Amino acid sequence: DTGAMYRAVAWLILEKGINPNDHSNVTKMLKSLKLKLESSNKGQNVIVNGKDITNAIRSPKVTSIVSEVATQRPVRESLTNQQKKIGQSGGLVAEGRDIGTAVFPNAELKIFLTASVTQRAKRRIIDLQDQGFPVPNLDLLEKQIEERDEMDRNREMSPLIQSKDAEEVITDDMNIEGVVTRIEELFRLKVPEEAWPST
């Protein structure tokens, strides 16, 4: 989940009291940033400068500035370079808004995973409730999601677009198991059998 990396930078900006529009101080902060993604039995843990911030990066405050932070060239260059290094050895499933276009343009399989704004807002409500954060009403969440999408689609560097060779999967009427099954089907259709995992 590379979006977690952008959220981690946004969290650190808030933690240090830096103005998200102060590009000079944001760039300085990146030089001392130690960011790690670690697998766990619950999914992925996000560690910044030795501190586990996995839950903190999902807060509404972080969400409110993450797209603004992600538009900054130094932030995108720094995190994209890290993501490319992570993927050098292959065997990776990566998720993010520019994965198929900027980070791994030669990926064996690209999925453009999407859903309607209303469905995404409903899922966001469940996420916020599960993590104990305040829950805005559905209309406000829909507006926030639309604004973030618009900002990401129109940013200068690595905008949110569907790669021409990506398979679109619209998930409104699908549960998690259904999404996984569909992605596995596309994987077996698109990727040569000799490249399939042995287990």
Side-chain angles (χ1 to χ4, degrees), residues 1-38 43-88 92 94-105 113-114 117 120-121 123-125 127-128 130-137 139-163:
D1 174 10
T2 58
M5 298 173 76
Y6 289 96
R7 285 178 169 274
V9 172
W11 174 86
L12 192 57
I13 286 170
L14 291 170
E15 186 75 2
K16 290 184 172 292
I18 298 171
N19 184 327
N21 292 309
D22 185 347
H23 294 195
S24 175
N25 273 328
V26 170
T27 302
K28 286 178 187 174
M29 184 199 77
L30 288 170
K31 292 176 181 175
S32 60
L33 173 67
K34 293 179 181 176
L35 171 59
K36 291 198 302 182
L37 303 180
E38 296 181 347
Q44 175 183 260
N45 291 338
V46 182
I47 314 296
V48 166
N49 299 339
K51 182 174 182 176
D52 188 330
I53 59 166
T54 305
N55 293 328
I57 64 170
R58 303 295 169 184
S59 74
K61 280 187 177 180
V62 169
T63 299
S64 70
I65 69 163
V66 68
S67 286
E68 184 180 341
V69 169
T71 62
Q72 298 182 32
R73 182 170 292 274
V75 174
R76 295 210 78 81
E77 287 177 345
S78 174
L79 296 188
T80 297
N81 286 337
Q82 285 187 49
Q83 291 156 17
K84 287 182 175 181
K85 285 178 185 175
I86 292 169
Q88 280 176 347
L92 178 75
E95 183 270 326
R97 292 188 161 209
D98 64 348
I99 290 297
T101 53
V103 184
F104 302 121
L113 200 67
T114 188
V117 169
R120 289 162 59 200
R123 292 171 182 170
R124 179 72 175 146
I125 286 172
D127 287 343
L128 290 169
D130 288 348
Q131 296 171 64
F133 291 120
V135 180
N137 66 48
D139 289 343
L140 178 58
L141 274 176
E142 287 179 353
K143 185 172 182 241
Q144 290 173 346
I145 289 169
E146 286 174 340
E147 288 173 350
R148 183 178 171 208
D149 286 351
E150 186 68 14
M151 188 177 293
D152 287 353
R153 278 193 294 263
N154 290 294
R155 65 182 175 228
E156 181 183 349
M157 187 176 180
S158 304
L160 168 62
I161 55 172
Q162 180 176 346
S163 175

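What you are looking at is a predicted structure, and each value in this text was computed from that prediction instead of being measured.
- Side-chain N or O atoms of Ser78 include none that pairs as donor or acceptor with a backbone N or O of Pro74 at under 3.5 Å.
- Side-chain contact between Ile145 and Glu142: absent, with no pair of heavy atoms (C-beta onward) separated by less than 4.5 Å.
- Rounding to the nearest 0.5 Å places CD1 of Ile13 at 12.0 Å from CD of Glu15.
- Closest heavy-atom contact between Leu128 and Pro60: CD2-CG, 4.2 Å.
- Across Val103 and Lys84, no two heavy atoms sit closer than the pair O-CE, 3.5 Å.
- Asn19 and Asp22 are not linked by any side-chain donor-acceptor pair at a separation below 3.5 angstrom, with hydrogens and angles left out of the test.
- Counting heavy atoms from C-beta on, the side chains of Leu30 and Leu33 come closer than 4.5 Å.
- Between Val117 and Gln144 there is no side-chain heavy-atom pair separated by less than 4.5 Å.
- By the 4.0 Å N-to-carboxylate-O rule, Arg58 lies too far from Asp130 to be salt-bridged with it.
- In this structure Asn154 satisfies the side chain to side chain contact (heavy atoms under 4.5 Å, CB included) test together with Glu150, sequence neighbours excluded.
- Side chain to side chain, Asn21 and Glu68 meet the donor-acceptor criterion of an N or O pair below 3.5 Å.
- Put simply, CG on Asp1 and CD on Glu95 are 4.5 Å apart, with the number rounded to the nearest 0.5 Å.
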Carefully, step by step, assess Leu92 and Ile86 under the rule side chain to side chain contact (heavy atoms under 4.5 Å, CB included). CA-CA 8 Å; Leu92 178 75; Ile86 292 169; 4.3 Å; yes
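- With sequence neighbours left out, Arg73 forms a salt bridge (Lys or Arg N to Asp or Glu O under 4.0 Å) with Glu77, Glu156.
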Would you list the atom pairs, donor with acceptor, under 3.5 Å between side chains in residues 45-56 and any protein atom, with sequence neighbours excluded?
| unit_1 | atom_1 | unit_2 | atom_2 | d |
| --- | --- | --- | --- | --- |
| Asn49 | OD1 | Lys34 | N | 2.8 |
| Asp52 | OD1 | Thr54 | N | 2.9 |
| Asp52 | OD1 | Thr54 | OG1 | 2.6 |
| Thr54 | OG1 | Val46 | N | 2.9 |

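- Looking at Arg124 and Thr63, their side chains do bring a donor and an acceptor atom within 3.5 Å of each other.
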Could you walk me through whether Arg97 and Arg155 pass side chain to side chain contact (heavy atoms under 4.5 Å, CB included), step by step? CA-CA 12 Å; Arg97 292 188 161 209; Arg155 65 182 175 228; 4.2 Å; yes
Starting from the C-alpha separation in whole Å, work towards a yes-or-no answer on side chain to side chain contact (heavy atoms under 4.5 Å, CB included) for Tyr6 and Leu79. CA-CA 8 Å; Tyr6 289 96; Leu79 296 188; 3.5 Å; yes
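- The pair Asp152-Arg76 fails the salt-bridge criterion, with no side-chain N (NZ, NE, NH1 or NH2) lying under 4.0 Å from an Asp/Glu carboxylate O.
- The two residues Ile65 and Ala10 have their closest heavy-atom pair at CD1-O, 3.7 Å.
- Contact of the Met5 side chain with the Val75 side chain is not registered, since no non-hydrogen atoms from C-beta on lie closer than 4.5 Å.
- Between Val9 and Met29 the shortest side-chain heavy-atom distance falls below 4.5 Å.
- Annotation: the span from Thr2 atom OG1 to Leu37 atom CG amounts to 8.5 Å, rounded to 0.5 Å.
- Looking at residues two or more places apart in sequence or on another chain, you find a side chain to side chain contact (heavy atoms under 4.5 Å, CB included) between Ala102 and Asp98, Ser158.
- Residue pairs meeting the salt bridge (charged side-chain N to carboxylate O under 4.0 Å, His left out) criterion with at least one member in residues 2-12, sequence neighbours excluded, do not occur.
- Asp127 meets the side chain to side chain contact (heavy atoms under 4.5 Å, CB included) test with Gln131; sequence neighbours excluded.
- The residues Asp139 and Lys143 are annotated as not salt-bridged, no charged nitrogen and carboxylate oxygen being separated by less than 4.0 angstrom.
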